[in-house]
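Below: the structure, in structure tokens.
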Amino acid sequence: MPVDFSGTWNLVSNDNFEGYMVALGIDFATRKIAKMLKPQKVIKQDGDMLSIHTTSTFRDYMLQFKIGEEFEEDNKGLDNRKCKSLVTWDNDKLVCVQIGEKKNRGWTHWLEGDDLHLELRCENQVCKQVFKRA
Ligand code: ECB
């Protein structure tokens, strides 16, 4: 039985989000707003199909994909760069590689106790987010 990430999750910590946004080329004014946000994730996992809806008072981002199948990602409302993305299992971790203009771009989700963890990577920057069930 794979891990089930389904649920509604609220951000409780956000380490080096600034560095991650700088690596993505997000402008100063947008970064000032973005780092004040406490986004919520609504994750629906149904077999190999996943949807991850990240919502906030400023912008929302919706991602739907099949695990193991490459897809086009537009990052609309984030940095707006297109990527070819692929999500796979690494044991109980869900690992996304986002191939595009930015090197070493991707993310990893895993569960630790009752918490949802997310590492966001871009170039030499790593942002670490932790979410708790709403
Ligand atoms: C959507 C809420 C955050 C909005 C921030 C607005 C502007 C900042 C622009 C770019 C910063 C890059 C990413 C924002 C951080 C989180 C959004 C989703 C990150 C992500 O890729 O989540 C994955 C894994 O859960 C699913 O899309």
Side-chain angles (χ1 to χ4, degrees):
M1 271 290 278
V3 178
D4 189 356
F5 292 95
S6 297
T8 301
W9 303 90
N10 291 330
L11 184 83
V12 293
S13 70
N14 196 1
D15 182 47
N16 196 38
F17 188 40
E18 173 71 10
Y20 176 74
M21 288 192 290
V22 170
L24 281 174
I26 307 301
D27 69 82
F28 179 87
T30 305
R31 295 202 312 271
K32 294 303 125 186
I33 297 167
K35 68 182 175 196
M36 299 298 293
L37 302 172
K38 292 276 176 270
Q40 184 174 72
K41 281 193 194 279
V42 178
I43 303 180
K44 291 178 182 157
Q45 186 175 336
D46 180 13
D48 287 343
M49 301 302 297
L50 255 100
S51 69
I52 303 178
H53 197 183
T54 309
T55 66
S56 76
T57 52
F58 180 51
R59 283 179 196 163
D60 295 345
Y61 187 66
M62 176 63 151
L63 190 67
Q64 288 178 283
F65 55 90
K66 183 174 182 181
I67 295 168
E69 211 166 85
E70 190 178 79
F71 59 97
E72 301 275 344
E73 185 172 8
D74 64 7
N75 293 287
K76 200 169 164 59
L78 304 179
D79 69 320
N80 296 303
R81 283 190 191 85
K82 290 185 170 50
C83 296
K84 285 201 188 302
S85 300
L86 174 65
V87 181
T88 55
W89 288 108
D90 175 11
N91 296 304
D92 286 345
K93 293 187 175 186
L94 209 51
V95 179
C96 179
V97 175
Q98 296 170 307
I99 303 292
E101 186 187 331
K102 291 289 177 182
K103 300 296 171 210
N104 192 35
R105 183 171 183 171
W107 51 259
T108 300
H109 265 303
W110 69 97
L111 297 178
E112 227 175 272
D114 293 329
D115 298 338
L116 173 72
H117 287 243
L118 172 62
E119 184 182 277
L120 294 161
R121 298 175 292 276
C122 183
E123 297 181 328
N124 61 342
Q125 297 295 314
V126 179
C127 168
K128 180 69 199 302
Q129 300 186 335
V130 180
F131 297 79
K132 287 193 179 293
R133 284 196 189 273

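All ligand and atom numbering here is 1-based and tracks the order in the structure.
The aromatic rings of Trp107 and His109 sit perpendicular to each other, their planes meeting at more than 60°, with 30° as the lower class boundary.
With Thr108 as reference, Arg121 is the one residue of Glu119, Lys93, Arg121 to meet the side chain to side chain donor-acceptor pair (under 3.5 Å) rule.
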Between ligand 1 and the protein, give all atom pairs where both partners are nitrogen or oxygen and the distance is under 3.5 Å, as lines of names plus distance to 0.1 Å.
residue: ligand 1; atom: 22 (O); partner: Lys41; partner atom: NZ; Å: 3.2
residue: ligand 1; atom: 25 (O); partner: Lys41; partner atom: NZ; Å: 2.8
residue: ligand 1; atom: 25 (O); partner: His109; partner atom: NE2; Å: 2.7

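The residues Asp79 and Arg81 are annotated as salt-bridged, a charged nitrogen and a carboxylate oxygen being separated by less than 4.0 angstrom. For Lys84 and Glu72, the salt-bridge test passes: some basic side-chain N is under 4.0 Å from an acidic carboxylate O. The pair Asp115-Lys132 counts as a salt bridge, with a side-chain nitrogen and a carboxylate oxygen less than 4.0 angstrom apart.
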Below 3.5 Å, can you tabulate the donor-acceptor pairs from side chains in residues 32-41 to any protein atom, sequence neighbours excluded?
residue: Lys35; atom: NZ; partner: Glu18; partner atom: OE1; Å: 3.1
residue: Gln40; atom: NE2; partner: Asn10; partner atom: OD1; Å: 2.7
residue: Lys41; atom: NZ; partner: Thr54; partner atom: OG1; Å: 2.8

